[in-house]
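Structure record follows, encoded as structure tokens.
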Amino acid sequence: MDEPIETPPTATPPQGEAKPPPKKPTKKPPKSDPAPAPDYVLSSSPHIRKAISIRRIMGEVLLALLPATAFGLYLFGPHALWVLSLCVAGSVATEVVCQRWAGTRVTISDGSAALTGLLLGMTLPPQAPWWICLIGAVVAIGLGKHVFGGLGYNPYNPALLGRVVLLISFPAQMTAYYSPGWWGVDAVTSATPLGLLQEARIRSMGLGEATQLSMSDAFFGFMPGSIGETSTLALLAGGLFLLWRRHITWDIPVAMLGTVAAGSALFWWIDPSRYMPPQFHLMTGGLMLAAFFMATDMVTSPLTTRGKLIFGFGCGLLTVIIRLWGGYAEAVSFAILLMNSAVPIIDKYTPPRLYGTGKPPAQGPKS
Amino acid sequence: MSSAPSTALPAGEGLVAPAPSFSLAELGDDFRRGIWQENGVFKQMLGLCPALAVTTTAVNGLAMGLATLAVMIASSSSVSLFRNLIPANVRIPAFIVMIATFVTVVDLSMNAFAHELHKTLGLFIPLIVVNCIVLGRADAFASKRPLARAIADSVGVGVGFTLALVALGGVRELLGFGSLFGLSIFGASYPPFLIFVLPPGAFIALGLMLAAANHYGATAAKKVGN
């Protein structure tokens, strides 16, 4: 995960062993026979190592989430802080229990469990009860990650898996949203813009109250929704930071957001009385959060640019389909999980080019 | 039962000369094996379609298991009785016809005497015909064994299947509704963990139970090994 995958090997021999990724406990060969230093070092790729660790990456992603988190706390008050803390603590505790149980090294200090917990918390409604947070954290880390072998082996984004299990299991609690109130004092139940749209569609009342949402409110984030998803501005800032730090690449967010924009624009153009304009779909729901922070998860997304474009397109397409005609108001989490399960086959048909041959290898990199 | 002369047999490869006799211990082994050691769901991963589809409650699992048990006893005994008359080439169609007959009997009986339950289980009662456990025991066991052993085996495997379905249904009902056999366990304030009574919960629950069973088996094997 630390190394750029498509980087061609260079002539420089590896400068000793740089810090290996602390993913698995590495077994050192027995040092019984100190051989003389060889003239040439032959070793398998990767040959370029960077002084970067999982901990550093996770730390910078957490930093990128800071604006959206801070805005969510400002908007929804202390209970949102409670929800986020429970999710983070629950995730870290589950990671400790799973790794102790499996007898592997406890790696909570790399921050990946805390990041999963924070992402999970950001997708929950601000008034979520405590047990929702804990069940979500256990499902996300236990069933989403450690059942498959821990970080780097999970086929699905753990935070989204936790959220979807909660959404399917506890629909009443998971769709009880509140209008943003100053520190939650005047918290009133209120549907999200997408929820209003869905309700109007089911009752065949056109677009309903969703049209009253002002686009500037949506951009800055003054609307009901999950803790971390409302502010397009804060999420864009975090996403651009990640792009600048090169922890994510442009292809998945651009393909996903572009597909959602194009798809919703098409239907808006066909019938503006039944479908909302693309800017509404881009700025409501969890789309921005998911496109920058969840779809781009390096463990659960394809390897090559072509693969990432296909992946992003699929996420966007499924989002549009489920949002416009599906049974749930918000579609992003289902779309990404469904595309997560397609990643192995995308990787198989979009293999990275073999260095120097100009042709893709005959078979995919994964069996 | 087992005195039929093997000379009357067509020379099919699938047919083995009937064992001349059997002991009570053998019957006990045939019965016991199916309960856990060769449990259809937890050990052989067979019959998963009904095991996953109908086990939303413990009662549904029990009913499905008992229906399958009845079909298994009837089909295994008739397969065993006719084993010397069925040519090996057409044995599978012959077994299926026999199984289908008994499934129809069970289906119509359930519809008549337990109509509500029949409505709940719906399509999955007729689908017992293609349950691989039933066909598997008929072909792999009953068609080569005398009647008494075939019955002992089918009862064991059928009871094992029933127990597995009740266990899976119980876990799913307990988590998904907070009740067991329709009796409330966790009280009215329990928020139903709905995913466990929905299709994905069937896979998750079965996967977790298999993991627990394998863990238990591995630990037990280690203890024996030491």
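Worth knowing before you read on, the calculation uses all heavy atoms, side chains too, and leaves out hydrogens, waters and symmetry mates. Each chain gets a letter, A, B and so on, in the order the sequences are listed, and its residues count up from 1.
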Exercise. If you check every heavy atom in residues 204-215 of chain B against those of chain A, which residues fall under 4.5 Å?
Worked result: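 Expected list: B:I204, B:L208.
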Problem set entry | B:L194 vs A:I168 side-chain heavy atoms within contact, under 4.5 Å |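 Heavy-atom side-chain distance check fails, nothing below 4.5 Å.
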For this session: For A:F170 and B:P192, work out which heavy atoms get closest and say how close.
Result: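 Heavy atoms only, the tightest pair is CE2-O, 3.3 Å.
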Take a 6.0 Å sphere around [atom1] of [X] and say whether it holds more than 12 heavy atoms from other residues, nucleotides or ligands.
| X | atom1 | result |
| --- | --- | --- |
| A:W130 | CH2 | no |
| A:I345 | CD1 | no |
| A:W325 | CH2 | yes |
| B:F203 | CZ | no |
| B:W36 | CH2 | yes |

Problem set entry | Residue A:P171 versus chain B: region with a heavy atom under 4.5 Å |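 Answer is side chain: those atoms of A:P171 sit under 4.5 Å from chain B.
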Exercise. CZ/B:F193 to CG/A:L166 distance, rounded to the nearest 0.5 angstrom?
Worked result: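 Atom-to-atom, B:F193:CZ and A:L166:CG are 7.0 Å apart.
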Exercise. For the atom pair CD1 (B:I195) and OG (A:S169), what is the distance rounded to the nearest 0.5 Å?
Worked result: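 Output value for this atom pair is 4.5 Å.
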